[in-house]
Amino acid sequence: MHEKVRRVADSQVPEYDFRALQSKWAPIWAEQRLFDAAAASERHPERPHKYILDMFPYPSGDLHMGHAEAFCYGDIEARYWRHRGFNVLHPIGWDSFGLPAEDAAIKRGINPRTWTYDNIAQQKHSFEIYAPSFDWSRELHTSDPEYYRWNQWLFLQMYNKGLAYRKDSWVNWDPVDQTVLANEQVLADGTSERTGAVVEKKKLTQWYLKITDYADRLLDDLDQLEGRWPSKVLQMQRNWIGRSYGADIDFAVEGREQPITVFSTRPDTLYGATFLVVAPESDLAAELVSGASAEARMAFQAYLEQTQKASEIERQSAERPKTGVFLDRWAINPVNGERLPIWAADYVLADYGHGAVMAVPAHDQRDLDFARKYDLPIRVVVASDAADPAVSGEAVAGDGVLVNSGPLDGLHKGEAIQKIIEVLEAKGAGHGTKTYRIRDWLISRQRYWGTPIPILHAEDGSLVPVPEDQLPVLLPDTEGLDLKPRGSSPLGAATEWVNTTLPGSDAPAKRDPDTMDTFVDSSWYYLRFLSPNDASQPFSQEQARTWAPIDVYVGGVEHAILHLLYSRFITKVLHDLGWVDFDEPFTSLINQGMVLLDGSKMSKSKGNLVEFASELRDHGADALRVTLAFAGPVEDDIDWADVSVQGSAKFLARAWRVARDVSQVETEGALADGDLTLRRETHRLLADAPGLIEATKFNVVVARLMELVNVARKTIDRPDGRGAADPAVREAAETLALVLDLYAPYLAAELWQLLGHDDAVALAVWPEPDAALLVEDSVTAVVQVNGKVRARLSVSPQISAADLEQAARADAHVIASIGEATVRKVIVREPKLVNIVVS
RNA sequence: GCCCCCAUAGCCCAAUCGGCAGAGGCAGCCGACUUAAAAUCGGCACAGUGUGGGUUCGAGUCCCACUGGGGGCACCA
């Protein structure tokens, strides 16, 4: 009879239903605007501030699982810091300029703006369900004139400082997108990061930002990010900047006024130099050979053509046999006056160092390969036990004592380098210096959907910046424009737009037809979030002092040397311009791993796709977020085949039932009389979770939540207890709601309400754990004999070392283990361990 | 070639300062409920930490070498 009544009662209470919760809470949240940072700051100006940011999405289609993961982690941080009593800024916007929009527009004959903003609407809708705790009042679009006018402003500040400039150079050309690319956008195999096409080299005049001026600071300041950024990213940036120390050495050239300067990391081997090599496509090579014999000129011309036919990929292969031509010119070694032949060879790169090297074949493998092929002299100047390089074909690159080197004889590498630099400086023939792998950032693009470069070209060819009060230079309408890429900017064809006059005069001028790399847009967007509607300046410096720099930045490792390097650079520029008082934008960085399926990257063409939209529809935001957070360490890849969204949903349902059970009874008695085991569990979670979250061990906190639910369930079901009426169960349920808010905001809100709260759980304050509940009554002490566990004693956590040792030695098992042996040493680590060393 | 990271149950993963290898989950097995199944609930089992050395009273944790996997840079003078 009793059984029957209960079953009827149960069936009247709805089961956990994520769809019902989502449709109940989403509109409430939209109304409440709980996460408005300005409002929070006004309510509690005394509170400390945290700026939590996810890399803003590029709106190509809907959100995908990678977004789901990153935004899950970012939201855990944002929600966590709010609970910890911080005012949190957690904005969202759209990286809405870029080539995919243009390509889609060309394919479908629609405006790139239409395509982009349709996608934004779709992603926004997904976000509304996924429910990250964004401050939507700060939403921005980089493709809005009110945003990109400040790109143009930034460009002009840099132009005025000489940090934005034009030069004619060999550039990376993407034959598919028909535009130039930055070095950072070319992959190690010589293909385009975006299109996968083999990148070509073209000589073009383009706009650059002078990131090389900041190379030292960009490299050295990485040290302050140690431990806060993934070490992988730090290493990648260090490699990319690639600083080498060495010396510039001037070689006089016969029949030429100017010397040739070469850079060498081994100036100590200068006495071993037997020839010079210049890059064939360099201006220097062309100039040198123009003063040579007709024969040499013809040979060089043929070689140059042959070189240029070789693709960049072929050229970069170290395996390739060395080739080159003698230029019929001679240089003079500044320290011993020797005549050195000058060659051109394509193993020397035009755009690294000075595009010329001194060849020391005995001590550099590349030079040795070349010397052996063309029968050039090889002279050993560093003594070693190794075989003669001329015979073995193996260059001897290491440290050693210098020989055949005049004043350097007998010195080691380090001393010799110092000495030779002194010698060169005294002669005015060189100096110690450093050089970098990183090149200036090529920012002009021959495409439509980006920020116009605010420069006018006067008829005489001079460059005139657009006055700041005339910004923004608006993109012309696409009406009548053919956006198809053909190697020059489509803006150039917008006649009315291109043709203008110089400021304050009738003199005709043409607008620069190129647009900026979209990485310019994203290099400072985090600052625009501070005052997104400010029409008078790029961002509020006052707001920057309150919120910036970013405390936690979340995004994919694919930006390790693109966005993250550019953004660091621009931040330093803004620092130098007096706009911000910090010079690193991202205090800490979380790189989420990838979401894989069956061990490989998901892709539509491979048919191994987990769709964000369908996961969201089938399992809901909470279960999806719990699954992503629980899958493992944040930086590890998640294989969707290894996780269980159903498992997460099961956990959420168990959590819900605990709160439901509490809500159906009156809580009885004082909290202090509540079930002690459960209370300890609750307070341990409150005590441990902050450290775990701050160490980004989000998965461990989920495990702890599961444990709390399990213990709460057991407490309710225990036949000798008060069931759900036990105040410890209510306490556990409330704690559950609070901590679950980091992972499952819908369920957390529902639990909080079920437990009788009218306020928002998202703004609830993290309670202090009760210290008395964190200490155990007794702990298990392990007694080892020679490292092997022989006994376990239950002792007080406050036990003294002497008491513990005494108890250990009194134990029968321990006495038996020691037997006749002599006790050599006793290690006591009260209250948990005793190790008795016997012989 | 140079540099970096990782390796713990069948699987995903935990393990403050070096101190009992196991928190959590997936899959599995047994049981309860059910006419049955699903769901739910209860329970069970499973590794000695990639290999070999070293330091230490004691090593998953520190050091060295190796193997396997992942990543970065690379004709950068």
Side-chain angles (χ1 to χ4, degrees), chain A residues 15 188 230-244 246 249 262-267 269 277 279 315-320 322 345-349 351-360 363-367 369-370 397 435-439 557 560-561 593 626-627 630-633 635-648 650-651 653-654 657 684 688 691-692 695 697 699-710 713-714 717 780-792 824-829 832-839:
Chain A
E15 262 302 313
S231 56
K232 187 174 157 184
V233 177
L234 295 175
Q235 190 213 346
M236 284 167 77
Q237 293 217 352
R238 287 188 179 116
N239 280 342
W240 187 260
I241 296 166
R243 179 167 60 196
S244 319
I249 305 169
V262 305
F263 173 77
S264 174
T265 53
R266 291 297 303 273
T269 61
V277 189
R315 233 193 116 158
Q316 279 183 5
S317 163
E319 259 57 333
R320 205 161 134 262
K322 300 278 178 290
D346 67 1
Y347 78 90
V348 172
L349 309 174
D351 56 358
Y352 181 77
H354 303 284
V357 303
M358 67 175 197
V360 185
H363 306 295
D364 182 288
Q365 192 60 47
R366 297 153 300 180
D367 297 342
D369 294 344
F370 193 80
T435 191
Y436 308 87
R437 215 191 69 95
I438 192 173
R439 314 291 154 76
V557 74
I561 46 174
V626 167
T627 303
F630 184 55
E635 323 233 316
D636 287 10
D637 291 343
I638 299 172
D639 194 327
W640 212 242
D642 292 336
V643 301
S644 166
V645 193
Q646 285 85 357
S648 305
K650 200 161 97 180
F651 155 65
R654 281 166 64 81
R657 283 195 295 271
R684 267 203 302 270
D688 294 347
L692 291 166
K697 296 185 177 192
N699 57 327
V700 181
V701 175
V702 176
R704 296 291 300 274
L705 282 168
M706 289 172 169
E707 207 183 330
L708 181 63
V709 170
N710 291 344
R713 183 78 259 157
K714 272 201 185 103
D717 291 345
T780 303
V782 175
V783 185
Q784 300 175 336
V785 177
N786 281 350
K788 291 203 170 64
V789 179
R790 294 302 183 200
R792 290 186 169 84
R824 294 280 171 211
K825 197 171 175 183
V826 180
I827 291 107
V828 182
R829 291 284 176 276
K832 296 183 88 171
L833 181 124
V834 178
N835 189 10
I836 299 168
V837 184
V838 302
S839 62

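Chain letters run A, B, ... following the sequence lines, proteins first and then strands; every chain starts at 1. Since the structure is predicted, the reported quantities are computational estimates derived from the model, not experimental observations. As a basis for the values below, the full set of heavy atoms in this structure was taken, side chains included, without hydrogen atoms, waters or symmetry mates.
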Whether the side chain of A:Asp642 and the base of B:rC12 hold a donor-acceptor pair under 3.5 Å is what I'd like checked. no

With the side chain defined as heavy atoms from C-beta on, A:Glu707 is closest, among B:rA77, B:rA23, B:rC73, to B:rA23

Row check, A:Tyr347 ring normal vs A:Lys322 NZ/CZ: under 6.0 Å, within 45°: yes

May I ask you to decide if the ring planes of A:Tyr352 and A:Phe263 are parallel, tilted or perpendicular, using 30° and 60° as cut-offs? perpendicular

So, is A:Lys825 near the phosphate of B:rC57, with a side-chain N or O under 4.0 Å from OP1 or OP2? yes

Looking at B:rG43, B:rA15, B:rG72, which one has an atom nearest to any side-chain atom of A:Lys714? B:rG43

Base-pairing mate for B:rU67 - Watson-Crick or G-U, with both contacts under 3.5 Å: B:rA7

Choosing from B:rG42, B:rC5, B:rC76, which nucleotide comes nearest the side chain of A:Arg366? B:rC76

Of the listed nucleotides (B:rG72, B:rG19, B:rA14), which one gets closest to any side-chain atom of A:Leu833? B:rG19

Presence of A:Arg654 side-chain N/O under 4.0 Å of B:rC41 phosphate oxygens OP1/OP2: yes

Roughly how far apart, to the nearest Å, are B:rC26 and B:rG43 at atom P? 15 Å

For B:rC26, does either OP1 or OP2 sit under 4.0 Å from a side-chain N or O belonging to A:Lys650? yes

For A:Asn699 and B:rA14, is the shortest distance between a side-chain N/O and OP1 or OP2 below 4.0 Å? yes

Is it the case that A:Asn710 and A:Arg654 place a side-chain donor and acceptor less than 3.5 Å from each other? yes

Among B:rG72, B:rC13, B:rC75, the one nearest any side-chain atom of A:Pro633 is B:rC13

In whole angstrom, give the distance that lies between atom CG of A:Asp637 and atom C1' of B:rC5. 13 Å

So what's B:rG1 paired with, Watson-Crick or G-U wobble, going by both distances under 3.5 Å? B:rC73

Using Watson-Crick or G-U wobble geometry with both distances below 3.5 Å, tell me the partner of B:rG42, or none. B:rC30

Per A:Gln235 side chain, nearest of listed nucleotides B:rG71, B:rC41, B:rC76: B:rG71

Starting at the 5' end of RNA chain B and moving along, which residue's nearest nucleotide shows up first, A:Val782 or A:Ile561? A:Val782

Does the base of B:rC17 carry an N or O that pairs as donor and acceptor with the side chain of A:Arg829 under 3.5 Å? no

For A:Asn239 and B:rG71, is the shortest distance between a side-chain N/O and OP1 or OP2 below 4.0 Å? no

Distance between P atoms of B:rC20 and B:rG25 (Å, rounded): 23 Å

What's the closest nucleotide to the side chain of A:Thr265 if the choices are B:rC3, B:rG43, B:rA77? B:rA77

Quantified in whole Å, what is the P atom distance between nucleotide B:rG28 and nucleotide B:rC17? 37 Å

Under 3.5 Å donor-acceptor, A:Asp636 side chain and A:Gly593 backbone: no

Donor-acceptor pair under 3.5 Å: do we get one between A:Lys832's side chain and the base of B:rC20? no

Nucleotide nearest A:Val700 (side chain, heavy atoms from C-beta), chosen from B:rC76, B:rC73, B:rA14: B:rA14

Would you indicate, yes or no, if B:rC12 has its OP1 or OP2 atom less than 4.0 angstrom from a side-chain nitrogen or oxygen of A:Ser644? no

Winner on side-chain proximity to A:Val348, out of B:rC12, B:rC75, B:rA77, is B:rA77

Among B:rC41, B:rC57, B:rA77, find the nucleotide with the atom closest to the side chain of A:Arg657. B:rC41

Between B:rC44 and B:rU34 - P atom distance, rounded Å: 24 Å

Residue matched to B:rG48 through Watson-Crick or wobble contacts both under 3.5 angstrom: none

